[in-house]
Amino acid sequence: MSRKPFIAGNWKMNMTVATGTKLITDLKPLVKEAKCDVCLCVPAILIPAMVKAAKGSKIKIGAQNVHFADHGAYTGEISADMLNDYGVKYVIIGHSERRQYFGENNDTVNQRTLTALKNGLTPIVCIGETLSERASGDTENVLTRQLEFGLHGVEDVKQIVIAYEPVWAIGTGQTATDEQAQETIKFIRKKLGKMFCVKDANRVRILYGGSMNAGNCKGLMAQPDIDGGLIGGASLKTDFATIVNFEK
Ligand code: 13P
């Protein structure tokens, strides 16, 4: 089953209307012939301006989170309706920084994922182990819990994108080796096959994230189970286009 490659950027808490518009304007001609799906997940307040900047290009604008309630007294949160107002398609859920600094856990990830799906958004569900969990041989248990709790009640797993982001590789310059990333993502796909069915698991796009850049993307993308990347730092520069054009 062939899966269309997907390169997504995560701007995290970076950029302004001016710098973001400039970057997207610079990226547009560079990604014109992209064969993969391309998305930039930008800070919520930048979504309207970045949607405008990316108009007519291959770049889709995504969000970095969505709340699980339809609306209500949730100060500081963003609802699915608000994202749909701007035609947002992809939304990151459960990024390790949300889990680490903002108290998110497998339960909130699950609720947000179900809400995203209910509202026609494609969740990019992030999972990954810390350095100490890997060192103590706990990686597979951690990922299993994140998948089983995080995706509980999901009916059609094909509508989800998974991003495997080992926490120790995020923003550290220490990328997982091609083999480490492949082996772990193969495990994730096998687990999805057991939770749902093998046929559907083979259609789920699973991205790698963690210090992926213009230099190491080709090796990672050549792995059979890696369908794309979730790019942090390198999505803040035109290097992002080199990753998008990894097939060239
Ligand atoms: P870096 O590419 O900066 O390591 O960040 C990865 C990431 O967290 C993407 O969501």
Side-chain angles (χ1 to χ4, degrees), residues 5-15 19-20 23 27 36-44 46-47 50 59-66 78 83 88-102 104 108-109 112-113 116 121-131 133-134 139 142-143 146 150 160-178 180-182 184-185 188 205-221 223 226-246:
F6 181 27
I7 301 294
N10 175 9
W11 279 2
K12 308 191 179 184
M13 195 178 73
N14 291 292
M15 297 289 184
T19 57
L23 178 59
L27 284 171
C36 57
D37 286 335
V38 187
C39 164
L40 285 171
C41 297
V42 308
L46 298 185
I47 289 173
M50 296 311 114
I59 304 169
K60 299 267 179 294
I61 300 302
Q64 298 177 9
N65 209 351
V66 64
I78 305 284
L83 298 180
V88 165
K89 178 169 159 60
Y90 298 103
V91 55
I92 295 173
I93 293 178
H95 191 280
S96 63
E97 288 147 17
R98 299 291 319 169
R99 296 178 190 251
Q100 192 178 348
Y101 305 125
F102 302 102
E104 294 214 25
T108 60
V109 169
R112 289 176 197 261
T113 300
L121 298 163
T122 300
I124 303 176
V125 179
C126 299
I127 58 173
E129 81 287 359
T130 62
L131 189 56
E133 287 163 345
R134 178 162 281 263
T139 300
V142 170
L143 297 174
Q146 290 174 336
I160 287 182
V161 175
I162 302 279
Y164 167 58
E165 299 205 304
V167 179
W168 48 272
I170 295 176
T172 58
Q174 192 193 341
T175 328
T177 63
D178 298 348
Q180 268 173 334
Q182 162 59 24
T184 313
I185 289 181
I188 293 167
R205 292 191 288 186
I206 308 182
L207 318 181
Y208 167 79
S211 299
M212 192 163 168
N213 58 39
N216 60 27
C217 63
K218 265 195 174 38
L220 288 161
M221 291 303 293
Q223 304 303 313
I226 302 182
D227 304 315
L230 185 55
I231 324 292
S235 74
L236 301 172
K237 340 177 235 189
T238 47
D239 278 29
F240 184 64
T242 311
I243 306 175
V244 166
N245 295 319
F246 72 94

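As the structure lists them, so they are numbered: ligands from 1, and atoms in each ligand from 1. For clarity, every value in this text was computed on a predicted model and none was experimentally measured.
Ranking the protein heavy atoms by distance from atom 3 (O) of ligand 1 puts Gly233 N, 2.8 Å first. Residue, atom and distance of the protein heavy atom nearest to atom 5 (O) of ligand 1 are Lys12 NZ, 3.3 Å. For atom 7 (C) of ligand 1, the nearest protein heavy atom (residue, atom name, distance) is Glu165 OE2, 3.1 Å. Nearest non-hydrogen protein atom to atom 2 (O) of ligand 1 is Gly232 N, 2.9 Å.
Proximity of Ala169 to ligand 1, defined as any heavy-atom pair under 4.0 Å, is confined to the backbone N, CA, C and O atoms. When heavy-atom distances to ligand 1 are checked against a 4.0 Å cut-off, Asn10 comes that close only through its side chain, counted from C-beta outward.
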For this session: Decide yes or no on side chain to side chain contact (heavy atoms under 4.5 Å, CB included) for Val66 and Ile93, but give the supporting numbers first.
Result: CA-CA 7 Å; Val66 64; Ile93 293 178; 4.0 Å; yes

For this session: Go through Asn65 and Phe102 one step at a time and tell me if the side chain to side chain contact (heavy atoms under 4.5 Å, CB included) criterion holds.
Result: CA-CA 12 Å; Asn65 209 351; Phe102 302 102; over 6 Å; no

Exercise. Taking it one step at a time, do Arg134 and Thr184 satisfy side-chain hydrogen bond (donor to acceptor under 3.5 Å, both in side chains)?
Worked result: CA-CA 11 Å; Arg134 178 162 281 263; Thr184 313; 3.2 Å; yes

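Counting atoms of ligand 1 from 1 in the listed order, those under 4.0 Å from a heavy atom of Gly210 are 4 (O), 6 (C).
Taking any N or O of Gly171, backbone or side chain, at least one lies under 3.5 Å from an N or O belonging to ligand 1. Residue Thr172 has no N or O atom closer than 3.5 Å to an N or O atom of ligand 1. For a threshold of 3.5 Å applied to N or O pairs, the pair formed by Ser211 and ligand 1 contains at least one separation below that value.
Under 3.5 Å, the side chains of Gln64 and His95 contain no donor-acceptor pair of N or O atoms.
The shortest side-chain heavy-atom distance between Thr175 and Tyr208 falls under the 4.5 Å cut-off.
Here the straight-line distance linking atom CG of Leu207 with atom CE of Met221 works out to 8.5 Å at 0.5 Å rounding. Atoms CH2 and OG, from Trp11 and Ser235 in turn, are 7.5 Å apart once rounded to the nearest 0.5 Å.
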